[in-house]
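Both backbone and side-chain heavy atoms feed into the values below; hydrogens, waters and symmetry mates do not.
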Amino acid sequence: MDLKLSTLLCLTLLFSTILNPALSELCNPEDKKVLLQIKKAFNDPYVLTSWKPETDCCDWYCVTCDSTTNRINSLTIFAGQVSGQIPTQVGDLPYLETLEFHKQPNLTGPIQPSIAKLKSLKELRLSWTNISGSVPDFLSQLKNLTFVDLSFSNLTGSIPSSLSQLPNLNALRLDRNKLTGHIPKSFGEFHGSVPDLYLSHNQLSGNIPTSLAKLDFNRIDFSRNKLEGDASMIFGLNKTTQIVDLSRNLLEFNLSKVEFSKSLISLDLNHNMITGGIPVGLTQVDLQFLNVSYNRLCGQIPVGGKLQSFDSSTYFHNRCLCGAPLPSCK
């Protein structure tokens, strides 16, 4: 009798679960409600076809649930198309750690202010979109951010100095926008980890802040801007910087006096107004890439290290550089 009863109970439970899937659903009902609002705000795009009220939102495409709490912790839309502005409801997913809209050319409007509510956010990637407006100051309030990528969009205005208050930031990508103004002085005072800085392909102007001398960056890309003056503060014997690209700016300093660390593997200074000669210290650096072309450099290229392993295009179009791989000095 007991066996029959237990079998009956199991069957009852099984059928009730089939008939009412909510009993077995892992998805938090509040999260599901918000996600369905986001789908509606995007006008039910094909990429969100799996977002159906009768199914478990932890199984939906483009989202993940935390394995312990079953709360939505990731919203990533990088395939398929969505159109319009980022819905305000993204700010109503309180456990979100990753928010990504990538390669969405029909995503427009500003960076949604409600993102400021996402205090658990670690990764924010809004790249290859048509988002416009400014880089929001509120990002500095999201202290758990480790990665911010706002590249390949239409952002304008200046870079907020408050971004240096992010203590866990490993990388900041603001490249390929229409940003203007100066690089903030505060970028020499990051509180905590020192992020890789990608600010290339903008319209940034003025001098590189001398405060950057205080920090040891791993990667810096300030190429294709309108930066002027000195850049020697980025370098130094005791730094562990690996990759520096300052090409296609208006930089003007004496390269002879710059000391380079042995950690450097890639250095691109092409198309500036840099004077002096190539320092002998570069023969001690295990460079994989070098370009100092289209500057105002002079004198003999020092012999040794990797300097002769590059072809003439690394050095050409300077004032009077000579020696291998260029023609010999007279």
Can you give the donor-acceptor pairs under 3.5 Å from side chains of residues 316-330 to other protein atoms, not counting sequence neighbours?
unit_1	atom_1	unit_2	atom_2	d
H317	NE2	Y294	OH	3.4
N318	OD1	N295	N	3.2
N318	OD1	R296	N	3.3
N318	OD1	L297	N	3.0
N318	ND2	V292	O	3.0
N318	ND2	Y315	O	2.8

Hey, could you give me the [atom1]/[atom2] distance between [X] and [Y], rounded to the nearest 0.5 Å?
X	Y	atom1	atom2	result
I115	L139	CD1	CG	8.0 Å
N207	E252	CG	CD	10.5 Å
F260	F235	CZ	CZ	5.0 Å
Q112	L99	CD	CG	10.0 Å
L96	E123	CG	CD	11.0 Å

[X] vs [Y] side-chain heavy atoms within contact, under 4.5 Å:
X	Y	answer
I159	L204	yes
N144	L121	no
T240	N218	no
T76	T64	no
I243	D221	no
T55	S50	no

Nearest heavy atoms of [X] and [Y], plus distance in Å:
X	Y	result
I220	L246	CG2-CD2, 4.4 Å
T49	K39	O-NZ, 4.3 Å
P45	Q81	CB-O, 3.6 Å
C62	L48	SG-CD2, 4.2 Å
F217	V194	CD2-CG1, 3.4 Å
L169	S193	O-OG, 2.8 Å

D286 with K262: basic N within carboxylate O range, under 4.0 Å | no
Give every residue pair that meets the salt bridge (charged side-chain N to carboxylate O under 4.0 Å, His left out) criterion with at least one member in residues 99-119, sequence neighbours excluded.
-> D92-K117, E100-R125
Common cluster, [X]/[Y], ILVMFWY with side-chain heavy-atom separation under 4.5 Å:
X	Y	answer
I265	L307	no
L172	Y198	no
L269	M273	no
F138	V90	yes
L250	F253	no

Test: C58-C65 SG spacing under 2.5 Å | yes
Between N249 and N272, is a side-chain contact (heavy atoms from CB on, under 4.5 Å) present by the stated rule, with each step listed?
-> CA-CA 5 Å; N249 278 288; N272 280 287; 3.2 Å; yes
Take a 6.0 Å sphere around [atom1] of [X] and say whether it holds more than 12 heavy atoms from other residues, nucleotides or ligands.
X	atom1	result
F78	CZ	no
N238	CG	no
K143	NZ	yes
Y95	OH	no

Identify every side-chain donor-acceptor pair in residues 177-191 under 3.5 Å, counting partners at least two apart or on other chains, and give the distances.
unit_1	atom_1	unit_2	atom_2	d
N177	OD1	S153	N	3.3
N177	OD1	N154	N	3.4
N177	OD1	L155	N	3.0
N177	ND2	L150	O	2.9
N177	ND2	L174	O	3.1
N177	ND2	D175	O	3.3
K178	NZ	N154	OD1	3.3
S186	OG	S161	O	2.7
S186	OG	S164	OG	3.4
E189	OE2	K214	NZ	3.2
H191	NE2	E189	O	3.4

Assess whether side-chain contact (heavy atoms from CB on, under 4.5 Å) is satisfied between T98 and K122, documenting all intermediate values.
-> CA-CA 6 Å; T98 301; K122 292 178 182 176; 5.7 Å; no
Would you sort out whether N28 and N70 count as a side-chain contact (heavy atoms from CB on, under 4.5 Å), showing the intermediate values?
-> CA-CA 7 Å; N28 179 277; N70 297 316; over 6 Å; no
F42 and F101 aromatic ring geometry - parallel, tilted or perpendicular at 30°/60° bounds | perpendicular
Can you list the steps and then say if N106 with V82 is a side-chain contact (heavy atoms from CB on, under 4.5 Å)?
-> CA-CA 6 Å; N106 299 319; V82 294; over 6 Å; no
